[in-house]
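Every chain is numbered from 1, with letters handed out A, B, ... down the list of sequences.
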Amino acid sequence: MSPSIPLQEMIRAIRSARTQCEERGVIQRECAAIRAQFRQVDNGGARSHNLAKLLYVHMLGYPAHFGQMECVRMIASPRYSEKRVGYLGAMMLLDEKQDASLLITNSIKNDLAHSNQYVQSLALCTLACMGSAEMCRDLAPEIDRLLRASNSYIKKKAALCAVHIVRKVHDLGELFAPAARSLLAEKNHGVLHGAVVLITQLCERNPEALERFRKTVPDLVQIMKGLVISGYSPEHDVAGISDPFLQVRILRLLRILGRHNETASDAMNDLLAQVATNTDSTKTVGNAVLYETVLTVLDIKSESGLRVLAVNILGRFLLNNDRNIRYIAMTSLQRIVGTDHNAVQRHRGTIVDCLKDQDASVKRRALELSLALVSASNIRTMMKELLLFLSSCPPGAQSSSCQRHIPCGRKAGGDVRDETVPNLIQLITNTSELHCYTVHKLYRALLTDISQPSLVQVACWCIGEYGDLLLKGECQETEPSQVTEDDALDALETVLQSHMSSPATRGFALTATMKLSTRITENVDRIRSIVSIYGSCMDVELQQRAVEYNALFRKYDHMRAAVLERMPVIEKNSSGHTNGETAGDAVKEIQPAAVKQTGPLLPQQPANQVCDLLDLLGGSEEPLQPSTALGLPNSTSTAGGDLLDLLGGLELTPLAPAPTVPVYEKDGVSLTLICEKTSDSGMTVTLTASNSTDSDISVFTLQAAVPKSVQLHMKAPSGDFLPARGAAKVTQMVALNNPNKVNLKMRIRISYNTSQGSAYQDTVQIDSFPGL
Amino acid sequence: MRFLLLFSRQGKLRLQKWFTPISEREKKKIIRDMTSMVLARQPRSCNFLHWKDLKIIYKRYASLYFCLAVDNQENELLALEVIHRYVELLDKYFGNVCELDIIFNFEKAYFILDEFLIGGEIQETSKQVVNRCIESSDMLQETMEEYMSKPAF
């Protein structure tokens with residue numbers, strides 16, 4: 001058997017091992033030697049260093065359970081060095097779950113009564129570290145005895161041992177209460193600290209004890225005053241603060257005693273104010289004490305002046321250079337933002353600045369606090385900041401912050417500007433993993449309240465886009481709820497029919513309903529009926545959409561799935577403004593074959609001037625709202641190429657060659673229109689007039705007006721005489737150039753003389769041009 | 001306090017003190033979690049972390065990370081002071097303490113810790129008192145050993 005090497009040698013050997021394998025070899029050899037040594041009955045003085053070696057090996061992560069019995073034996077040894085290592089081993093290898101721990105109870109009991117205080121302290125320390133409930137019950141009377149009659153060195157340790165006992169066996173709290181009370185009169189800081197901790201533990205566990213210990217508030221206040229004002233004690237001074245550890249513990253105890261109790265809180269008001277103002281806050285120590293003071297002030301029934309002082313201290317913390325202090329300031333503000341909202345609002349600027357901090361923990365806290373501070377008055381600035389923050393966030397953090405952003409959107413209310421809606425929608429499309437959660441949350445928001453237009457618009461859009469996720473029902477981040485197709489359609493119908501919905505919102509809802517037709521399976525008929533109802537709606541926008549969607553059902557059903565596919569991720573516009581406008585314009589020009597039959601007929605103009613037409617046209621042209629523009633999905637790209645091309649292609653197929661569209665029919669005079677695209681921005685419109693009456697029509701002229709940016713050139717008509725009974729037709733070509741790709745409308749004034757000689761005039765507006 | 005861990009920058013454990021009863025497997029897992037979490041932190045970040053329902057306070061001194069886990073209602077800034085106090089005690093005892101001192105004299109590090117904290121609470125707030133006690137204990141040990149004329153370790 002190789003001679004065992006001293007501890008330090010072994011450590012050196014292990015450290016110099018170059019590979020894991022080598023290290024294991026060394027350790028195995030040593031452990032074998034140690035085991036052999038343990039088996040020897042009498043080993044002389046080598047026992048302690050063997051155990052020490054074992055403990056080192058244990059710390060490296062290797063098994064050391066065979067040392068447990070050795071610990072028990074060492075503890076029982078009369079030698080101090082062996083006891084020391086034995087107790088250390090007990091604390092490291094034995095815990096209350098091991099059977100061997102019971103074996104040391106007797107040794108501990110003996111050592112608690114030892115003449116040497118260092119031996120006593122070993123026993124106390126070990127009991128406080130790993131004492132099981134049984135051991136605690138056995139030894140509690142001993143501890144109590146030590147609490148009363150011993151030197152301060154032992155008293156302070158006994159106090160903390162008592163804390164451990166009370167944690168393990170709650171009932172024994174009663175036993176220690178009187179001793180604890182008397183310990184408060186001690187001068188020794190260690191003992192005082194132990195006493196305060198013990199009292200705190202008793203009060204936390206037992207409401208009766210709490211009542212009784214309230215009487216100690218004046219004593220505690222006295223002790224604190226002594227620490228704060230008088231007495232520079234070099235022994236306990238830390239950077240100018242006298243015993244900060246004791247101060248913090250006392251403040252914590254005062255917090256527990258003053259909670260929900262007026263008298264106790266009153267008694268400590270002055271002291272807290274004093275601590276708050278006198279404590280030097282240049283070092284961490286001072287800030288630790290101030291922090292505890294603030295927590296206490298906010299938790300007890302303090303007077304309002306003191307509360308304001310506390311919040312101001314937190315405000316100062318927010319401006320501190322030290323990141324740690326900013327972090328805890330925000331944590332504390334988070335706790336009180338519910339109750340002292342106005343006070344926290346004053347520091348909103350600083351909090352929002354913290355969103356730009358480098359540290360992730362600080363940023364997260366700032367985000368939570370900012371969301372809590374959002375209110376109707378500051379929503380615009382806050383939303384801007386939050387959106388900026390979200391866009392600069394790394395993707396992982398984005399999803400969690402989006403989750404919290406959405407309930408915030410609910411708070412936004414009617415005040416939100418239009419550009420927030422497309423921005424929020426763009427954000428939602430970007431966080432694909434959250435689609436399910438988002439649509440569930442928004443659906444529920446829609447059920448509760450449909451008065452806020454922006455929220456309703458976003459909700460409708462999401463239900464339309466992600467309706468399949470809503471109906472699937474399972475979602476990780478929110479409670480599962482079964483939403484049926486009928487439920488979803490009901491929600492959208494409510495929005496459509498509500499008088500609170502603006503036309504834009506209803507547009508969203510109608511489009512969402514249409515999109516659902518491809519995402520649900522059973523209620524397609526219901527959707528068709530909803531859509532066709534709105535085909536005769538008074539609102540022009542809704543009517544147009546409804547008629548188009550109807551056409552999509554009737555004539556282009558094979559295209560419906562492609563048209564209503566899921567939208568791609570919306571690219572962010574560089575200016576950050578609404579993405580909708582450019583998309584909307586292009587989309588508006590794409591019209592399915594069915595054209596509105598009844599455009600609003602303008603009242604007849606007595607003056608026969610073209611410029612009148614133009615004025616009227618210019619005047620009634622509405623600026624495109626971004627929200628409505630988003631309504632018609634940008635599905636041109638998903639359909640694999642321009643829908644333009646698709647429909648343009650249709651022109652060539654036998655299905656629908658250059659369709660002849662009737663645009664006017666009155667008193668036997670009818671006008672039809674054929675559109676042909678000649679270039680990217682140019683087109684030719686051929687107007688054909690015919691007369692089905694029994695009398696001839698003469699001096700038939702057409703005048704046309706288009707929106708300002710469109711160029712118009714009317715070619716010479718084929719004639720101006722319309723014979724009766726459609727014997728012949730008059731055609732006129734109009735060349736149009738639409739470089740800005742604005743929404744193309746044309747107003748045509750028809751004037752002619754009847755056979756009786758009376759002059760007749762009428763105007764018709766054409767909003768949709770098929771074949772474009 | 002729930003536990004105190006000291007580990008090197010390579011994640012090697014130098015000291016572990018557990019203030020609540022935990023199984024060996026659980027201890028190993030916690031050590032793994034702590035080392036990976038703390039070592040992954042950026043140099044200039046906040047010293048506070050959240051882990052399960054505990055607050056983790058860590059501080060780096062030269063090549064050693066001191067990691068302390070406390071309950072949610074504890075004062076984090078004070079925990080930083082506790083760590084600092086322990087480092088000061090080690091420094092006074094070893095004289096300009098470095099990691100090697102703690103490696104080769106780990107049992108002394110534990111003894112010092114046991115004079116400063118008991119059951120997860122501070123037992124003595126004065127540095128001088130703690131130092132005096134450790135010196136006295138060491139004297140006691142040496143006296144006994146001299147008497148027995150055998151080296152301690």
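The residue among A/Leu55, A/Leu246, A/Leu160 with the most heavy atom pairs within less than 4.5 Å of chain B is A/Leu160. Of the residues considered (B/Glu115, B/Lys127, B/His50), B/Glu115 shows the highest number of contacts with chain A, using heavy-atom pairs under 4.5 Å. No other option in A/Asp237, A/Leu127, A/Val197, A/Val285 has as many heavy-atom pairs under 4.5 Å with chain B as A/Val285. Contact tally against chain A (heavy-atom pairs below 4.5 Å) for B/Ser45, B/Ser137, B/Ser136: the top residue is B/Ser137. Per-residue counts of heavy-atom pairs under 4.5 Å with chain A were compared for B/Arg44, B/Arg41, B/His84, B/Gln73; the largest is that of B/Arg44.
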For residues 12-19 of chain B, which side-chain donor-acceptor pairs fall under 3.5 Å, sequence neighbours excluded?
| from | atom 1 | to | atom 2 | distance (Å) |
| --- | --- | --- | --- | --- |
| B/Arg14 | NE | B/Glu99 | OE2 | 2.9 |
| B/Arg14 | NH2 | B/Glu99 | OE2 | 3.4 |
| B/Gln16 | OE1 | B/Trp18 | NE1 | 2.8 |
| B/Lys17 | NZ | B/Asp114 | OD1 | 3.1 |

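Note that SG of A/Cys129 is 9.5 Å distant from CD1 of B/Ile118, once rounded to the nearest 0.5 Å. The structure places CE of A/Met91 at 9.0 Å from CG of B/Leu113, a figure rounded to the nearest 0.5 Å. In this structure, B/Leu78 CG and A/Thr284 OG1 are separated by 11.0 Å, a value rounded to the nearest 0.5 Å. Note that CG of B/Leu140 is 13.0 Å distant from CZ of A/Arg79, once rounded to the nearest 0.5 Å.
Within a 6.0 Å radius of NZ in B/Lys27, other residues, nucleotides and ligands contribute more than 12 heavy atoms. Within 6.0 Å of CZ in B/Arg9 there are 12 or fewer heavy atoms belonging to other residues, nucleotides or ligands. Within a 6.0 Å radius of CG in B/Asn72, more than 12 heavy atoms belonging to other residues, nucleotides or ligands are found.
For A/His189 (side chain) and B/Glu124 (main-chain N/O), no donor-acceptor pair under 3.5 Å exists by modelled atom type.
A pairwise comparison of heavy atoms in A/Met92 and B/Tyr110 identifies CE-OH, 3.7 Å as the closest pair. Between A/Ser81 and B/Gln141 the shortest heavy-atom distance is CB-CG, 3.5 Å. Contact record, B/Ser126 with A/Glu235: OG-OE1, 2.9 Å, taken as the closest heavy-atom pair. Between B/Leu77 and A/Ala288, the closest heavy-atom pair is CB-CB, 3.6 Å. Between A/Arg323 and B/Cys46 the shortest heavy-atom distance is CD-N, 3.9 Å.
Of the two parts of B/Phe48, the backbone and the side chain both hold a non-hydrogen atom closer than 4.5 Å to a non-hydrogen atom of chain A. Neither the backbone nor the side chain of A/Val119 comes within less than 4.5 Å of any heavy atom in chain B. B/Leu80 touches chain A through its side chain: at least one heavy atom from C-beta onward sits under 4.5 Å away, while N, CA, C and O do not. When heavy atoms are compared at a cutoff of 4.5 Å, A/Asn116 approaches chain B solely by way of its side chain, counted from C-beta outward. Only the side chain of A/Lys168 comes within less than 4.5 Å of a heavy atom of chain B; its backbone N, CA, C and O stay farther away. Neither the backbone nor the side chain of B/Gln42 has a heavy atom closer than 4.5 Å to any heavy atom of chain A. When heavy atoms are compared at a cutoff of 4.5 Å, A/Met130 does not approach chain B at all. Using a 4.5 Å cut-off between heavy atoms, A/His193 touches chain B through its side chain atoms alone. For A/Arg12, the parts sitting under 4.5 Å from any heavy atom of chain B are the backbone and the side chain alike. Contacts of A/Ile11 with chain B are made by both backbone and side-chain atoms, with heavy-atom separations under 4.5 Å. Proximity to chain A is limited to the side chain of B/Lys28, based on heavy atoms less than 4.5 angstrom apart. Interface remark: A/Ser121 contributes side-chain atoms only to the contact with chain B (heavy atom separation under 4.5 Å). Looking at B/Glu74, both its backbone and its side chain come within 4.5 Å of chain A, counting heavy atoms on both sides.
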Worksheet entry | Derivation and outcome, side-chain contact (heavy atoms from CB on, under 4.5 Å), residues B/Glu76 and A/Asn324 | CA-CA 9 Å; B/Glu76 295 102 314; A/Asn324 294 330; over 6 Å; no
Item to complete: Kindly indicate, with the supporting measurements, whether the criterion side chain to side chain donor-acceptor pair (under 3.5 Å) is fulfilled by B/Gln123 and A/Lys156.
Response: CA-CA 6 Å; B/Gln123 58 176 290; A/Lys156 72 188 185 200; 4.7 Å; no
Practice prompt. Go through B/Phe111 and A/Leu122 one step at a time and tell me if the side-chain contact (heavy atoms from CB on, under 4.5 Å) criterion holds.
Written response: CA-CA 10 Å; B/Phe111 296 150; A/Leu122 286 176; 5.7 Å; no
Practice prompt. Test side-chain contact (heavy atoms from CB on, under 4.5 Å) on A/Val248 and B/Glu81 and set out the steps.
Written response: CA-CA 12 Å; A/Val248 167; B/Glu81 287 302 310; over 6 Å; no
Practice prompt. Please step through side-chain contact (heavy atoms from CB on, under 4.5 Å) for the pair A/Val85 and B/Glu107, ending with a clear verdict.
Written response: CA-CA 8 Å; A/Val85 180; B/Glu107 77 283 2; 5.7 Å; no
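Counting only heavy atoms from C-beta outward, the side chains of B/Ile103 and A/Tyr56 approach each other to under 4.5 Å. Using a 4.5 Å heavy-atom cutoff, the side chains of A/Tyr153 and B/Arg132 are not in contact.
Aromatic ring orientation, A/Phe245 versus B/Phe116: perpendicular (interplanar angle above 60°, classes split at 30° and 60°).
Among the candidates A/Arg252, A/Glu292, A/Arg249, the single residue satisfying the side-chain hydrogen bond (donor to acceptor under 3.5 Å, both in side chains) test with B/Asn75 is A/Glu292.
By the side-chain contact (heavy atoms from CB on, under 4.5 Å) test, B/Asp138 pairs with A/Arg84, B/Tyr93, B/Lys108, B/Ile134, sequence neighbours left out.
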